[in-house]
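Inspection log for the structure reproduced underneath, given as structure tokens.
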Amino acid sequence: MVKKFGFPIVAFLLARCVSCADGGSPGGSSDSGILATLELDAAYPEAFSYLSGVRELPDGRLFAADPLSQVLLRVDMDGETADTLGRVGEGPGEYQQPDAVFPLPGDSTLLVDIGKTYLTVMGPDGGFHGGQSMALPSEEGIPTVIIPNAVDGSGRIYYQGMGGMRDGPQDSISVSRYDRTTNSSEVIVQAWRTEPVITRSGDNVSMSRPRMVPNDDWAVGEDGRVAVVRANGYFVQWIMPDGSVITGPETPFEAIGISRAHKEANLEESSSAGLSIAVMMTSSGGTSMQMSRGGGGMRMGGDGPTVDGETWGETFPPFRDRSARVSPANDLWVQRWLPANRDPRMDIFGPDGVRKGSVVTPRGAELIGFGRGPGGADRAYFVRTDEVGLHWLERYRIVWQ
């Protein structure tokens, strides 16, 4: 199915420039630390219910998966059109809840279908060519769940532990690499995080994570190098493909107190598209697993979280977790966590772990991928969330200073 959309606001959108903080102009900045600016050159005119990433194809089109709308699309940003690929179902060429897409070697694509708990391999034409379950058997009986966070240029999948109360120390989480050709996993590094709040009531034990607290973040380069952003001290470690480690210096940052208004704003921006996972024992002694996205911001009884019902940090962490991305040039982009009255920005660290500078980013938007434009120009893809929670896909030119 091909759809064509009108785009009456294109003249306004394409004139918008995300530039410098503190009154900077599109051509420069009053902030000498600005390394690059972003210039919007395309915006898809239809909203997504949820979008966490895109896969840019050699011809510039994109694969994009929207799990809440249960649709997989091939998007032409310049032509403002989209083809729907496959359909909802249980058979070949069908999916239940397509959640994410990642590049694989040979212009193939990995489709993460959380509805089927299945990893599907797609060809360049969007056709489905087999795959495997996201649940791998383990000696303990409870399966190892592969939820891809990244895929390197060799097609190896990177994922992190589930973080349940059985997963060992609660102040860290393992980052692992899964090789599809050998069906084997290895732990690459441990990422630190603030310990959860454990509540016990009789035989019931519940675990919740504090909000706006420091947590390590990580991302993966095409060659398999893993970048870990350490929250304690704010520095970057690169774990190289040969196992060597490059550690950058600590980066100074301002400690800003978290007010009640900041907490309320954090609750407002919290996504209701949380991922739910249930592992169940079958009557035969085996296990089954169900996954779904949606409703993650609601509690039992339908009430959302409240400021007084949550545990909070005292000062803003240096960066937001689950936001880091490695560029094709092996620079690490890290989203700073700043009050709403500050221009949002990302710090850029080089392959040596040293901060090179920063870039002001679109307000209310998240970096979800990189690409290449005509002549090898650098591109960045952002998803902007509007006031009702819809996601809008935008493409920016990266203009280096």
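Just so you know, these numbers come straight off a predicted model, no measurement behind them.
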Under the side-chain contact (heavy atoms from CB on, under 4.5 Å) criterion, do L62 and L393 qualify, and how do the steps go?
CA-CA 11 Å; L62 308 170; L393 177 61; 3.8 Å; yes
Please test D216 against R230 for salt bridge (charged side-chain N to carboxylate O under 4.0 Å, His left out), starting from the C-alpha separation and ending with a verdict.
CA-CA 5 Å; D216 287 352; R230 299 297 185 182; 2.7 Å; yes
Apply the test side-chain contact (heavy atoms from CB on, under 4.5 Å) to residues N215 and R209: give CA-CA distance (whole Å), side-chain angles for both, the deciding distance (0.1 Å), then the verdict.
CA-CA 11 Å; N215 293 295; R209 292 284 172 188; 5.7 Å; no
Go through the steps for W238 and V326 under the test side-chain contact (heavy atoms from CB on, under 4.5 Å), then give the verdict.
CA-CA 11 Å; W238 290 96; V326 178; 4.1 Å; yes
With side-chain contact (heavy atoms from CB on, under 4.5 Å) as the criterion, how do I157 and V151 come out once you've worked through the C-alpha distance, each side chain's angles and the decisive distance to 0.1 Å?
CA-CA 5 Å; I157 297 171; V151 177; 4.1 Å; yes
Tell me, with the steps shown, if E56 and R379 meet salt bridge (charged side-chain N to carboxylate O under 4.0 Å, His left out).
CA-CA 10 Å; E56 188 181 73; R379 286 173 167 173; 3.7 Å; yes
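Side-chain contact between Q132 and I146 is absent, with no heavy atoms from C-beta onward closer than 4.5 Å. In this structure the side chain of V121 never reaches within 4.5 angstrom of the side chain of T109, judged on heavy atoms. Taking the side chain as every heavy atom from C-beta outward, F382 and L38 approach each other to under 4.5 Å. No side-chain heavy atom of F63 sits under 4.5 Å from any side-chain heavy atom of L111. You'll find the side chain of D347 stays beyond 4.5 Å of the side chain of W333, heavy atoms only. Within the 4.5 Å cutoff, side-chain heavy atoms of I239 are placed close to those of V245. Looking at D41 and M77, their side chains never come closer than 4.5 Å, going by heavy atoms from C-beta outward.
The two residues M212 and F316 make their nearest non-hydrogen contact at CE-CE2, 3.4 Å. Nearest heavy atoms, V101 versus L72: CG1-CD1, 4.1 Å. Between R363 and A340, the closest heavy-atom pair is NH1-O, 2.9 Å. When all heavy atoms are compared, the tightest approach of S176 to V187 is OG-CG2, 3.6 Å. The two residues D217 and R320 make their nearest non-hydrogen contact at OD2-O, 3.7 Å. A pairwise comparison of heavy atoms in V197 and P210 identifies CG2-CG, 4.2 Å as the closest pair.
Remark: the backbone N or O of P318 is paired with a side-chain donor or acceptor of R336 at under 3.5 angstrom. Within the 3.5 Å criterion, the main-chain N or O of V307 finds a donor-acceptor partner in the side chain of W312. Panel note: side chain Q96, backbone K116; no donor-acceptor pair is recorded below 3.5 Å. Formation of a donor-acceptor pair under 3.5 Å by the S154 side chain with backbone atoms of R156 is not found in this model. Panel note: side chain W337, backbone V213; no donor-acceptor pair is recorded below 3.5 Å. Between the side chain of Q335 and the main chain of R345, a donor-acceptor pair closer than 3.5 Å is present. Distance alone, capped at 3.5 Å, places no donor-acceptor pair between the D99 side chain and the D113 backbone. D171 places no side-chain N or O within donor-acceptor distance of the main-chain N or O of W192, the cut-off being under 3.5 Å.
No more than 12 heavy atoms of other residues, nucleotides or ligands shown are found within 6.0 angstrom of CZ on R322. Other residues, nucleotides and ligands contribute more than 12 heavy atoms inside 6.0 Å of the CD atom of Q190.
Between R74 and D59 there is no salt bridge, since none of the side-chain N atoms of the basic residue sits less than 4.0 Å from a carboxylate O of the acidic one. Taking 4.0 Å as the cut-off between side-chain N and carboxylate O, R293 and D66 do not count as a salt-bridged pair. In summary, E254 and R342 engage in a salt bridge, as defined by a charged side-chain N under 4.0 Å from a carboxylate O.
Counted by atom type alone, T306 and D308 present zero donor-acceptor pairs between their side chains at under 3.5 Å. Side-chain polar atoms of S185 and Y159 form a donor-acceptor pair below 3.5 angstrom. In the model, Y44 has no side-chain atom that pairs as donor or acceptor with a side-chain atom of D76 under 3.5 Å. At a cut-off of 3.5 Å, with distance as the only test, no side-chain donor of T251 or R355 sits close to an acceptor on the other residue.
Aromatic rings of F319 and Y234 (six-membered ring for Trp) have centroids within the 6.0 Å cut-off, being under it. Taking the six-membered ring for Trp and the full ring otherwise, W218 and Y158 have centroids separated by 6.0 Å or more.
Residue V334 is tested with D321, L367, I348, V229 for a side chain to side chain contact (heavy atoms under 4.5 Å, CB included); the sole match is V229. A side chain to side chain contact (heavy atoms under 4.5 Å, CB included) with Q237 is found for exactly one of V226, T247, I246, namely T247.
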